[in-house]
2 protein chains.
Amino acid sequence: MSYSIGDVVKKTGLSAHTLRYYEKEGLLPFVKKNASGVRAYSDEDLRWLTMIECLKDSGLQIKEIRQYIEWFNEGDSTLSQRLSLFENRRKILEKEMARLTVVMNKIRYKELLYREAVRVGSLDVATNERRLKHLKKKLFESPDDFDKVTG
Amino acid sequence: MSYSIGDVVKKTGLSAHTLRYYEKEGLLPFVKKNASGVRAYSDEDLRWLTMIECLKDSGLQIKEIRQYIEWFNEGDSTLSQRLSLFENRRKILEKEMARLTVVMNKIRYKELLYREAVRVGSLDVATNERRLKHLKKKLFESPDDFDKVTG
DNA sequence: ATAATACTTAGAGTTTACTCTAGGTGTTCG
DNA sequence: CGAACACCTAGAGTAAACTCTAAGTATTAT
């Protein structure tokens, strides 16, 4: 099976502009064109687009994805480089998730603080409630200046 | 206590450029200047910078942070808007963490696949190993095209 | 006193990943 | 056969968040 750029737009949700841009950036080196220069995407190309989406979701930049595809095309001699890439990415994702957990607690505290402030009609009153002060301590293992902010 | 922009650079790790940029964008409406126009940051200003960092970490854009600060300055009449902001942010962070969990599993599979490929010296051989095929099933609850990609 | 350093402003430049425009060619349908 | 539509390329424009430059003033150290 082969697909026009319009077909791929429908399948992937990417714009035709974006698909051509990806190709220009070296992310789709396998896409064939017919005699009049019209792109014909294969199922393999669609699977690469799925892979590209995953790599983008993991935070890779386009030039890093291009590097990965180049390594893939060079074959088994680049296996260790590709392993490093995924190792690093996994570590970065772990850090990112840890970071988000910390931020989440701070935002959750603010949400509860403002929920109470709305209930009693005053931010100052809510901020000084024992229950919320206690919650603050519970949510922030390592307190920083954050808990002094009144906003 | 008050601090020069250089002091704040050392304390926060932000550049002087960035601090002035934040001020221009309305994120630091309280910073005082002396007779010759030199900024003197207060402890309150430093706490706002901590708050701004948290909001940025949670994914808010600068204009959204400015909006929040404007609401803060308007007092208790904007409590419900601020509550909405934190509610939305919490929901977005939850989605983001769920997204990262999915991506993490895919990247972890790739890492293990390439670790094995490096060990045996062949991506094709590793891809066809029963152990890794089984792992793939375990990691991806809802299989998509991803598991067909060989790269 | 003078050199170095820190500060000021306005505004231009950078990066990333698109996103769109202009001007044109090719294909399909009634 | 001609209108409508999909496609092509090259290149310009956009948004966000900085990042830096230029040209000048003020402060500090020797």
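All heavy atoms count here, side chains included; hydrogens, waters and symmetry mates do not. In what follows, chains carry the letters A, B, and so on, assigned in the order in which the sequence lines appear, proteins first and then strands, with residues in each chain numbered from 1. Just so we're clear, the structure is a prediction, and the values are computed from it rather than from any experiment.
- Atom CD1 in B/Ile52 sits about 16 Å away from atom C1' in D/dA16, given to the nearest Å.
- Judged purely by atom type and a 3.5 angstrom limit, B/Arg39 has no side-chain atom pairing as donor or acceptor with the backbone of B/Val31.
- Residues A/Phe30 and A/Tyr41 share a hydrophobic cluster, clusters being chains of Ile/Leu/Val/Met/Phe/Trp/Tyr side chains in contact below 4.5 Å.
- Between B/Lys10 and A/Gly59, it is B/Lys10 whose nearest contact on DNA chain C lies nearer the 5' terminus.
- Linking ILVMFWY residues whenever their side-chain heavy atoms come closer than 4.5 Å, directly or via other members, places A/Met104 and B/Ile65 in the same cluster.
- Rounded to whole Å, the distance from CD on B/Glu25 to P on C/dG11 is 14 Å.
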Start with the C-alpha gap between B/Trp71 and B/Leu79, add the side-chain angles, then the distance that decides, and say whether side chain to side chain contact (heavy atoms under 4.5 Å, CB included) holds. CA-CA 8 Å; B/Trp71 280 333; B/Leu79 288 176; over 6 Å; no
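- Between B/Asp7 atom CG and D/dT27 atom P there is a gap of 16 Å when expressed in whole angstrom units.
- Remark: nothing in residues 87-97 of chain B comes within less than 4.0 Å of DNA chain D through any heavy atom.
- Base pairing in DNA chain D gives the following stems of 3 or more Watson-Crick or G-U pairs, range against range and under 3.5 Å: C:1-30 with D:1-30.
- When the side-chain nitrogen and oxygen atoms of B/Ser4 are compared with OP1 and OP2 of C/dA6, none of them lie within a distance under 4.0 Å.
- Listed pair B/Lys33 / C/dT8 fails the phosphate criterion, with no side-chain N or O lying under 4.0 Å from OP1 or OP2.
- A/Thr78 OG1 to B/Tyr114 OH: the interatomic distance, rounded to the nearest 0.5 Å, is 7.0 Å.
- Listed nucleotides C/dA17, D/dC18, C/dC7 differ in distance to B/Ile5; the shortest reach to its side chain belongs to C/dC7.
- Without hydrogens or angle criteria, A/Asp57 side chain to A/Cys54 main chain gives no donor-acceptor distance under 3.5 Å.
- Here the rule is side chain to side chain contact (heavy atoms under 4.5 Å, CB included) with B/Ile5, and of B/Glu23, B/Arg20, B/His17 only B/Arg20 fits it.
- Closest to the A/Lys63 side chain, of the nucleotides D/dC18, C/dT9, C/dT16, is C/dT16.
- Each of B/Lys24 and A/Ala16 has a nearest nucleotide on DNA chain D; the 5'-most of these lies closest to A/Ala16.
- For the pair B/Arg20 CZ and C/dG11 C1', the interatomic distance rounds to 14 Å; values are reported in whole Å.
- Contact annotation: B/Arg39 side-chain N/O to C/dT8 OP1/OP2 distance is under 4.0 Å.
- Among the atoms of the strands shown, only primed sugar atoms or phosphate atoms (P, OP1, OP2) are found under 4.0 Å from some heavy atom of B/Gln61.
- A/Leu27 has its CG atom 9 Å from the P atom of C/dC18, to the nearest Å.
- OP1 or OP2 of D/dC20 has not a single side-chain nitrogen or oxygen of B/Tyr21 nearer than 4.0 Å.
- When all heavy atoms are compared, the tightest approach of B/Leu28 to B/Leu19 is CD1-O, 4.1 Å.
- At least one donor-acceptor pair closer than 3.5 Å links the side chain of A/Arg89 to the backbone N or O of A/Ser58.
- As rounded to whole Å, 10 Å separates atom C1' of D/dA16 from atom NZ of B/Lys56.
- Residues A/Phe72 and A/Trp48 bring their aromatic ring centres within 6.0 Å.
- Following rounding to the nearest Å, A/Lys32 (NZ) and D/dC8 (P) show an atom-to-atom distance of 16 Å.
- Between the side chains of B/Thr127 and B/Asp124, not a single donor N or O lies within less than 3.5 Å of an accepting N or O.
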Summarise how protein sits on nucleotides 20-30 of chain C as a single string, 5' to 3': B when a protein heavy atom is under 4.0 Å from the base, S for sugar-phosphate-only contact, - for no contact. BB----SS---
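- Across the protein-nucleic acid pair, B/Glu64 atom CD and D/dA17 atom P stand 8 Å apart, rounded to whole Å.
- Formation of a donor-acceptor pair under 3.5 Å by the B/Asp7 side chain with backbone atoms of B/Ser4 is found in this model.
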